[in-house]
Protein chains: 2
Amino acid sequence: MKENANNFNDKLKEKGYKITFQRKQVLDVIKDNEGKHLNSEEIYNLVKEKSPDIGIATVYRTLSLLDKMGLIYKVDLDEGSVKYELDRDLDSHRHRHHHLICLDCNEIVEVEEDLLDDIEEKISAKHNFFIKDHSVKFYGYCIKCRDKYGD
Amino acid sequence: MKENANNFNDKLKEKGYKITFQRKQVLDVIKDNEGKHLNSEEIYNLVKEKSPDIGIATVYRTLSLLDKMGLIYKVDLDEGSVKYELDRDLDSHRHRHHHLICLDCNEIVEVEEDLLDDIEEKISAKHNFFIKDHSVKFYGYCIKCRDKYGD
DNA sequence: CTTTATGCAAAAACTTTGCACCGAG
DNA sequence: CTCGGTGCAAAGTTTTTGCATAAAG
């Protein structure tokens, strides 16, 4: 049950990056909001609550660093909005989970099942493509919104 | 073997939109470059070759209209780039195909197989989510780039 | 002390909007 | 003729960059 923070510090050191207060603040906000899918502005605002002097540029630079290091995922929602989420399972290199995106209320539900192994195998073989990761989004209606429209 | 163009004109009329030269030009460029995944700037430049007076705003307005009408898909590639592609199968309302994205050369290969029906069924049932469409991207290395790295 | 990171503001990249004029129906 | 569409330029958004200063190691 390792703290991600240690992992974070280790990874930074490993690559010669410095461990700064701001970087810790940004990661903390993302960790404290697991499952929430914050965008850069939301992260910036939350970090600013604790550290009002931080600049948006630092947040962008940190997000891009965290993404590059694989500590967070950039989730691109096709509606022009970019959100970030924690990678919960850094060590095992699992595939990221899927997202169910409600076309009505825009709620994002995460789905832990992977279920894509067979498909990957088929596609790998047929197209000679070595698959490292995938991104799967299902668009539709959640139960709440579906009810609104009756049948 | 209906021409998409007719479909296009019909759809426009249906919704009360006007059939303009510029709209035809934009659709033509996208049709002439099927499989190429052009971004807005590329489309703008190609249209400008034939019609130098067109404005970028018109291209954006047309792309957004075509997307809204379902004639093209907006493909968001997670690298901050937005590309557009033709919907080849307007009538049957099939799911869009998948994309294989090479992490090295950025080539995008399209995969026609769908193969997601089982998964959709499982997820629908388990999460009470009515799935209308999906977006699937596989990230990895194409055979050419894989060879570069040996084993 | 050296090098990287930060904050600020300016710039860049991309997209949308307001408005007067134009053209499809 | 009428109303929606267009081109242009200006304005928005979101993200990146340059630079002097601050802080990590």
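Lettering follows sequence order; numbering is per chain, from 1. It should be emphasised that the depicted structure is a prediction, and the values quoted were computed from it without experimental measurement.
Applying the side-chain hydrogen bond (donor to acceptor under 3.5 Å, both in side chains) test to pairs two or more places apart or on separate chains, those with a residue in residues 54-67 of chain A are A:Ser40-A:Tyr60.
Each of A:Val26, A:Asn33, A:Asp32 was scored for a side-chain contact (heavy atoms from CB on, under 4.5 Å) with A:Val29, with one residue passing: A:Asn33.
Judged purely by atom type and a 3.5 angstrom limit, A:Arg23 has no side-chain atom pairing as donor or acceptor with the backbone of A:Phe8. Not one N or O on the side chain of A:Ser124 forms a donor-acceptor pair closer than 3.5 Å with the backbone of A:Phe130.
Toward the 5′ end of DNA chain D lies the nearest nucleotide of B:Gly16, the other residue of the pair B:Gly16 and B:Asp53 mapping further downstream. The 5' end of DNA chain C is approached more closely, in terms of each residue's nearest nucleotide, by B:Ile56 than by the other of B:Lys18 and B:Ile56. With DNA chain D read from its 5' end, the first of the two nearest nucleotides for A:Lys13 and B:Ile54 is the one closest to B:Ile54.
Separating the CD atom of A:Glu42 from the P atom of D:dT13 is a distance of 16 Å, rounded to the nearest angstrom. Rounding to whole angstrom units, CG of residue B:Asn39 and C1' of C:dT15 are separated by 13 Å. The NZ atom of B:Lys83 sits 11 Å away from the P atom of C:dC14 (whole-angstrom rounding). Counting to the nearest Å, the C1' atom of D:dG12 and the CD atom of A:Glu41 are 13 Å from each other. As a whole-Å value, the separation of B:Tyr44 OH from D:dT6 P is 14 Å. D:dG5 atom C1' lies 13 Å from atom NZ of B:Lys68, rounded to whole Å. D:dG4 atom C1' lies 12 Å from atom CG of B:Leu12, rounded to whole Å. Atom CZ of B:Arg23 and atom C1' of D:dT6 are 10 Å apart (whole Å).
Base contact: A:Arg61 has a heavy atom under 4.0 Å from a base atom. Across all strands, A:Phe21 comes closer than 4.0 Å to no nucleic acid atom at all (heavy-atom distances). Nucleic acid contact class of B:Ser40 (heavy atoms, under 4.0 Å, all strands): sugar-phosphate only.
The side chain of B:Gln22 approaches D:dT6 more closely than any other nucleotide in the set D:dT6, C:dG25, D:dG25. Minimum atom distance to the side chain of B:Tyr60 is reached by C:dC14, of the listed D:dT6, C:dC14, C:dA5. Listed nucleotides: C:dT6, D:dG5, D:dG25. Nearest to the side chain of B:Tyr17: D:dG5. Side-chain proximity of B:Ala57 to the nucleotides C:dA9, C:dT6, C:dT17 is greatest for C:dT17.
Residue B:Thr58 places none of its side-chain N or O atoms closer than 4.0 Å to OP1 or OP2 of D:dG5.
For the residue pair A:His98 / B:His134, no side-chain donor-acceptor distance below 3.5 Å is found, with atom types taken as modelled.
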